[in-house]
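See below for the structure under consideration.
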Amino acid sequence: MPGEALVPCRKPARREPQHKTVKLERTRTVPPPVVVKIARVVDEATGLAFDRFAATSDLGDPVLADVPCEKSEKVSEVLAALRKHNAALTTKASADAIQTAIDLPPKCYLRHASQPGWYKGGQDAFVRPTHVVGAVSAVAEMLPPRPEPGKKRQIVFANAGTVEGFQREVVRRARWSTRAMLMLGVPFAGPLLRVLGMQSWGINLYGKPKVGKSTVQVVGGSVIGLGTEAALPSFKATITGLDRIAITSNDGALFVNEAGLLGRNAYATLSPMIYGLSEGKDKVRAGESVYASDAAASGWSLVYVLSSENAIEALALQAGTTRQGGEVARCLDLPAVHSGNATVFDCRPPGLTDEAFTRWAHRQMAEIRKACAANHGVVFDAYLRGLMELGDTLKPRAQAYVDEFVASLFLKDADGAVLHAARNFGTIYAGLRLAMDFGVLPPPWRARAVRRAVKACFRDGLKVSRLRDTTLEEAKAILHQRLQDTALPRKQDLQPKSDVGFCTLEGDIEVVSIRSAEFVRWFEGKPAHLYALLAWLDEQGALRKSHEGKRPIGRGYEWAVTSPRAPGFKGRCIVLRLPIPK
């Protein structure tokens, strides 16, 4: 209209569409709980049966729980048992899964043996603390003893490495030490005691620190799965604790390290412990025993080895008393070093001086410890399988080896305690020989070297014990006196028909040849002295024979006779290298 002010027309502002931000939250999907009844378990030590249920923890780890059969049909009991082990279960969400597991039959049937060792005294299966060697008919799966809940094991066995590694790194080095060979045979002797009807017995290996006592104990322990010194039980354990450890070592070996930890009253503790271990009966029952709840399953049969800086005889004297003969026979003192050596290694490789030999021995101790840590436990399975394969022939074969060893000692005039100790050491010889037969101890191990090593250990033990086998000592005294009283001409001055023998010099070594008939007359009326002396001379390397393979057999001396060469001299002689050890 004329005269009316014009008002500009504004377009309405364009409104941008508003975008609404929606936050998406990730919802966690909880998988349904899974519970499985995996086995029906029977514990032979207690006679109780359990249903074994499996689940997973909050972290995804497997969880196992054994629920007694009288409670295993109740959802609340199964839930409580699994929740104790942190199973990822709740009362409401898991009830159906647990009920489903309860309703289903177990997937398999398991049986825990009452204790380690020969299963029920037979020779078809051997229960080790970690597994079972062999098989039991009519049993789906046999397992080692079931530990009591909340009970900590005081000795832990393990398997590592290979049989070949053990043979290459441990067995090969052990040949250079009579003590290492003996300790290697201790675990092999353990399974034979029950077969032969023999009692448990032991050895106290004593000597100064750093000579290798613990090293050879580790060598023996490595056979059964104790590969380091830390794995060996010590005297810090109480006597009750040692009883439980003994049950764990049933039909095997028990190595206990360092009796010095017992303090001033060591003998007051050791003496009853020796009788207890040798008797093979537990002092405790259901409330304390790791496995068994009855006396029938609480005994043991084993060979035990103690170590100490002092002989038990010396500890007894410190306490103002002496050891009884029966106690000595049950546990013989054995010096850790033989014939003045610096360490347990007493078989010297050729070409080494005294100083070089000591350095070499310390290197061997370090290397054999490393080898035991890398290879342990596995060789015992191979040995046990060899014993099982012998079946009914095991007992007579093992007994024959024991008898062979005892006969080689010529102990006709020895008292009963000495013979008892000799048979004990004979079980070690039998174990080593059987291990050689099975290929567990392969060449260059030789039967003669094994017997010589075990005999050297036995005789060293007799020298420091209160047991007295005077046969050999008397025979050596007779020989020294006869050699002193008999004037033997030099080989070039020999009168062939009148002289009883002659002597000759081979470099720095003096050798004497005595007509065998005259030599036998020196021991007239004492044949046991003659046989024991010849066998000992052979072991010492002082006896010259027509053939190195000859050895003492039965009650005779023909094996030791040879025919030396001398101008105009004809006769069979006993030839000896001088000087003869005292």
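Along the sequence shown, residues are numbered consecutively beginning with 1. When reading the values below, keep in mind they use all heavy atoms of this one structure, side chains included, and skip hydrogens, waters and symmetry mates.
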Worksheet item: In chain order, what residues pass the side chain to side chain contact (heavy atoms under 4.5 Å, CB included) check against D51, with sequence neighbours excluded?
Response: K37, R40, F53, C69, S72
Worksheet, complete the sentence: Residue set satisfying side chain to side chain contact (heavy atoms under 4.5 Å, CB included) with V186, at least two apart, ordered chain then number -> M183, A253, F255, V303, V305, I428
Whether the side chain of [X] engages the backbone of [Y] through a donor-acceptor N/O pair (distance < 3.5 Å, no angle test) should be reported.
| X | Y | value |
| --- | --- | --- |
| S177 | A174 | no |
| K213 | L205 | no |
| Q123 | G391 | yes |
| T393 | L390 | yes |
| N250 | S301 | yes |
| Q199 | L193 | no |
| W300 | T248 | no |

Worksheet item: Hey, are R397 and D437 close enough for a salt bridge, meaning a charged N less than 4.0 Å from a carboxylate O?
Response: yes
Fill in: SB check R111 E141 (cutoff 4.0 Å)
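Salt bridge: no.
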[Y] side chain reached by [X] side chain, heavy atoms, under 4.5 Å:
| X | Y | value |
| --- | --- | --- |
| D124 | M388 | no |
| V218 | T228 | no |
| L64 | H85 | no |
| Q99 | D103 | yes |
| L232 | V256 | no |
| L441 | L184 | yes |

Sequence-distant partners of [X], salt bridge (charged side-chain N to carboxylate O under 4.0 Å, His left out), two or more places apart:
| X | answer |
| --- | --- |
| R175 | none |
| R128 | D381 |
| R433 | E404 |

Distance-only side-chain donor-acceptor flag, [X] / [Y], under 3.5 Å:
| X | Y | result |
| --- | --- | --- |
| T46 | D43 | yes |
| Y304 | S278 | yes |
| N86 | S57 | no |
| S408 | R451 | no |
| S308 | N204 | no |
| S200 | E279 | no |

Minimum heavy-atom separation for [X] and [Y], please, with both atom names.
| X | Y | result |
| --- | --- | --- |
| M181 | A453 | SD-CB, 3.8 Å |
| G185 | L432 | CA-CD2, 3.5 Å |
| R179 | C457 | NH1-SG, 3.7 Å |
| V127 | L143 | CG1-O, 4.5 Å |
| A55 | A87 | CB-CB, 4.3 Å |
| A54 | I38 | CB-CG2, 3.9 Å |

Between [atom1] on residue [X] and [atom2] on residue [Y], distance to nearest 0.5 Å:
| X | Y | atom1 | atom2 | answer |
| --- | --- | --- | --- | --- |
| W201 | L332 | CH2 | CG | 8.0 Å |
| T178 | K455 | OG1 | NZ | 13.5 Å |
| E229 | Q217 | CD | CD | 8.0 Å |
| H376 | I224 | NE2 | CD1 | 11.0 Å |
| S271 | L315 | OG | CG | 11.0 Å |
| L226 | L254 | CG | CG | 9.0 Å |

Can you list the residues that meet the ring-ring contact (aromatic ring centres under 6.0 Å, His included) rule with [X], with sequence neighbours excluded?
| X | result |
| --- | --- |
| F405 | Y429 |
| F345 | W360 |
| F438 | Y383 |

How would you list, by chain and number, every residue that makes a side-chain hydrogen bond (donor to acceptor under 3.5 Å, both in side chains) with [X], sequence neighbours excluded?
| X | value |
| --- | --- |
| D251 | R194 |
| R448 | D538 |
| T343 | none |

Worksheet entry | Pair L277-R330, side-chain contact (heavy atoms from CB on, under 4.5 Å): steps then yes or no | CA-CA 9 Å; L277 285 175; R330 286 175 171 86; over 6 Å; no
Discussion item. Before you tell me yes or no, could you show the steps for C372 and V219 under side-chain contact (heavy atoms from CB on, under 4.5 Å), namely the whole-Å CA-CA distance, both residues' side-chain angles and the distance that decides it to 0.1 Å?
Written reply: CA-CA 7 Å; C372 290; V219 169; 4.2 Å; yes
Discussion item. In terms of relative ring orientation, are F126 and F380 parallel, tilted or perpendicular, with 30° and 60° separating the classes?
Written reply: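 Perpendicular: the ring planes of F126 and F380 meet at over 60°.
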Practice prompt. In sequence, state the C-alpha distance, the side-chain angles, and the governing distance for T56 and D61, and then conclude on side-chain contact (heavy atoms from CB on, under 4.5 Å).
Written response: CA-CA 5 Å; T56 55; D61 299 322; over 6 Å; no
Worksheet entry | Audit row: L434, L394, side-chain contact (heavy atoms from CB on, under 4.5 Å) steps and yes/no | CA-CA 9 Å; L434 289 169; L394 171 58; 4.2 Å; yes
Worksheet item: Are more than 12 heavy atoms from other residues, nucleotides or ligands located less than 6.0 Å from atom CD of E73?
Response: no
Practice prompt. Can you establish whether the number of heavy atoms outside D392 located under 6.0 Å from its atom CG is more than 12?
Written response: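 At most 12 heavy atoms, drawn from other residues, nucleotides or ligands, come within 6.0 Å of this atom.
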Taking only distance into account, with no hydrogens and no angle test, what donor-acceptor pairs under 3.5 Å do side-chain atoms of residues 156-173 form with protein atoms, sequence neighbours excluded?
| from | atom 1 | to | atom 2 | distance (Å) |
| --- | --- | --- | --- | --- |
| T162 | OG1 | G165 | N | 2.9 |
| Q167 | NE2 | G439 | O | 3.0 |
| Q167 | NE2 | V440 | O | 3.0 |
| E169 | OE1 | R173 | NH1 | 3.0 |
| R172 | NE | R168 | O | 2.9 |
| R173 | NE | Q364 | OE1 | 3.2 |
| R173 | NH1 | E169 | O | 2.8 |

